[in-house]
Novice: 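Pasting a structure here, questions to come.
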Number of protein chains: 2
Amino acid sequence: MSRFAASSPLVRKLSAVADLSNDEVARLEDLHRHPRTLPPGSELVAEGDRHEASMIVVEGWAYRYKVLSNGRQQVINFLLPGDIVGPFASVIDVADHSVAAITSLRIATFEPASILELFATCPRIGVLYGWAVGRDEAILSEQVVRVGRRSAFERTAHLLLELLRRLQHVNAAGVQSFELPLTQDLLADALGLSTVHVNRTLRRLRDEGLLVLSRGWVRIPDIERLQQAAEFTPDYLEQDSLPEETQAELDKL
Amino acid sequence: MSRFAASSPLVRKLSAVADLSNDEVARLEDLHRHPRTLPPGSELVAEGDRHEASMIVVEGWAYRYKVLSNGRQQVINFLLPGDIVGPFASVIDVADHSVAAITSLRIATFEPASILELFATCPRIGVLYGWAVGRDEAILSEQVVRVGRRSAFERTAHLLLELLRRLQHVNAAGVQSFELPLTQDLLADALGLSTVHVNRTLRRLRDEGLLVLSRGWVRIPDIERLQQAAEFTPDYLEQDSLPEETQAELDKL
DNA sequence: CGCTAGGTTGAATACGCTCAAAGATCGTGG
DNA sequence: CCACGATCTTTGAGCGTATTCAACCTAGCG
């Protein structure tokens, strides 16, 4: 267990990449003043909103999505504890997507100024912020590949494996299992499939013993096997340290 | 025409969002030392590469992509003049995707240290860098929606409209037309379709008078009409100034 | 002139969608 | 505590969009 097991998920996530000083942890925790708790279904951001602030998910799930005509909807990605919502929101003047809470959601809003200040006064945290942004971009990229070039079967398995891994990074999942607060409707919108087909695909995954689903929980009995089936490689989610060169740059400052 | 018509496409792009001082322009141009020219097909980044530097596309097209088994391939996005390749590359230690040149490519590599320094000494540029990252993220999000929830017809039209708009922002396209250096194979990999179907879809777009294609050029005779057909809204690509609040924050520094 | 990469077209197939109806599950109020 | 309604899940049948396979065409280039 990490020495930050009790602290915020963002700190847990970042301390896997770099050892944080007590001061750095304090600065990060500082971003968590102004927390709120929102009920399931709340809209945090609506497409067309102006000048949103950045937020950090502390507990619960949310999702970013866009709505199209005739009821079509696409989930862009899921926001889990430790995720930063709109890391550069303060610079964008109109939101081009919506964000809604899936579960009851604990979330902290922070001022755009905080980030500017953080970058200016604590480059290490600036770099880690950049790392978080880069990782989210990697997750989005994988979402493009998943939806663009994988079969329904692979897609579904792949997403579940990603979610497991991401939750594990913030101590929000077990070794094989996690709580999945998604309806098949929402899953379908994330996977670019119809609800019916998601249902059939999940059934097939269960029938093949790759998945155990019960009352909002998923268990993956044989992760190795599911990874193979989904062609899942977790590299894009894993990083255990900053590159040496970057470390060196930082030490000079 | 902008007063920076002659300068680098990155400056052109950013000066649409904020008026840049001469000093700021100089700092941005500074990132363009160490330019190279690469032939079409060159790999700039290969999946698995360690610790890449960030780059700026000066001229030409490139694409980010991932390769799957049995020859499947997905283009994550296209990189056009003024685009930053891996804005936080210095913090990520292993590339999870590849990048290759489509045309002959003029590209500038800059040191990770430059960015840290820029953030520290020139917050306005730091903010604009953040804006560029945020915009790229919006483009990626739209790619997810396109591939996940749009028909082949909409998808194709939508991508072409996006490319037109993005190119216009860096003075690399006319009012209705631009040079499109993509094979139908590559287009298919970007749209998550088969080559054959891309071909049929393009034909339909031509038959309906929505597109004119000839020898590597596209013309969109009636943009309004194609936007309607594709359900394209360009908001995510457009921003003409920084939000007032952010301006105010900046002035305080 | 012939090679090669890319574009075009047809026919058969398949994967995933739509429509429809029936079963679970859960929260809520009687 | 049970009944009801609402939401979510499951299953079947038929359909349609996009795929695969295969052949042929075209343009550019050595």
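Chain letters run A, B, ... following the sequence lines, proteins first, then strands; residues in each count from 1. Because the structure is predicted, anything quoted here is derived from the model rather than measured. Side-chain atoms are counted along with the backbone in the values below, which use heavy atoms only and exclude waters and symmetry mates.
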Novice: For Glu59(A), does the CD atom have more than 12 heavy-atom neighbours from other residues, nucleotides or ligands under 6.0 Å away?
Specialist: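 Atom CD in Glu59(A) is not packed in, count stays at 12 or less.
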Novice: Taking the six-membered ring of Phe153(A), is the NZ or CZ of Arg204(A) close enough (under 6.0 Å from the centre) and on axis enough (within 45°)?
Specialist: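 Pair Arg204(A)/Phe153(A) counts as cation-pi.
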Novice: Which of these, Arg135(B), Arg149(B), Arg150(B), sits in a salt bridge (charged side-chain N to carboxylate O under 4.0 Å, His left out) with Glu142(B)?
Specialist: Arg150(B)
Novice: Starting from P on dC21(D), measure out to CG on Asn70(B) and report it in whole angstrom.
Specialist: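 After rounding, the reported distance stands at 11 Å.
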Novice: Can you figure out which of dA18(D), dT9(D), dT8(C) approaches the side chain of Leu193(B) most closely?
Specialist: dA18(D)
Novice: Using the side-chain heavy atoms of Val196(B), tell me which of these nucleotides is nearest: dC21(D), dT10(D), dC8(D).
Specialist: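 Out of dC21(D), dT10(D), dC8(D), the nucleotide with an atom closest to Val196(B)'s side chain is dC21(D).
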Novice: May I ask you to verify if any side-chain N or O of Asn199(A) is less than 4.0 angstrom from the OP1 or OP2 atom of dT10(D)?
Specialist: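 Affirmative; the distance criterion is met.
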Novice: Measure from the side-chain heavy atoms of Arg206(B) and tell me the nearest of dT8(C), dC17(C), dG7(C).
Specialist: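 My answer, after comparing the listed nucleotides, is dT8(C).
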Novice: Is the shortest side-chain N to carboxylate O distance from Glu208(A) to Arg225(A) below 4.0 Å?
Specialist: no
Novice: Among dG16(C), dC17(C), dT9(D), which nucleotide has an atom closest to any side-chain atom of Ala152(A)?
Specialist: dG16(C)
Novice: Among dT18(C), dG16(C), dT10(D), which nucleotide has an atom closest to any side-chain atom of Arg200(A)?
Specialist: dT18(C)
Novice: Would you mind telling me which of dG16(C), dT9(D), dT20(D) lies closest to the side-chain atoms of Ser151(A)?
Specialist: dG16(C)
Novice: Output the rounded distance in Å from CG (Asp185(A)) to P (dC17(C)).
Specialist: 13 Å
Novice: Is there a donor and acceptor pair, one atom on the side chain of Arg203(B) and one on the base of dG7(C), closer than 3.5 Å?
Specialist: no
Novice: For DNA chain D, whose closest nucleotide is more 5', that of Leu182(A) or that of Arg149(A)?
Specialist: Leu182(A)
Novice: For Phe153(B) and dG16(D), what is the distance between atoms CZ and P respectively, to the nearest whole Å?
Specialist: 19 Å
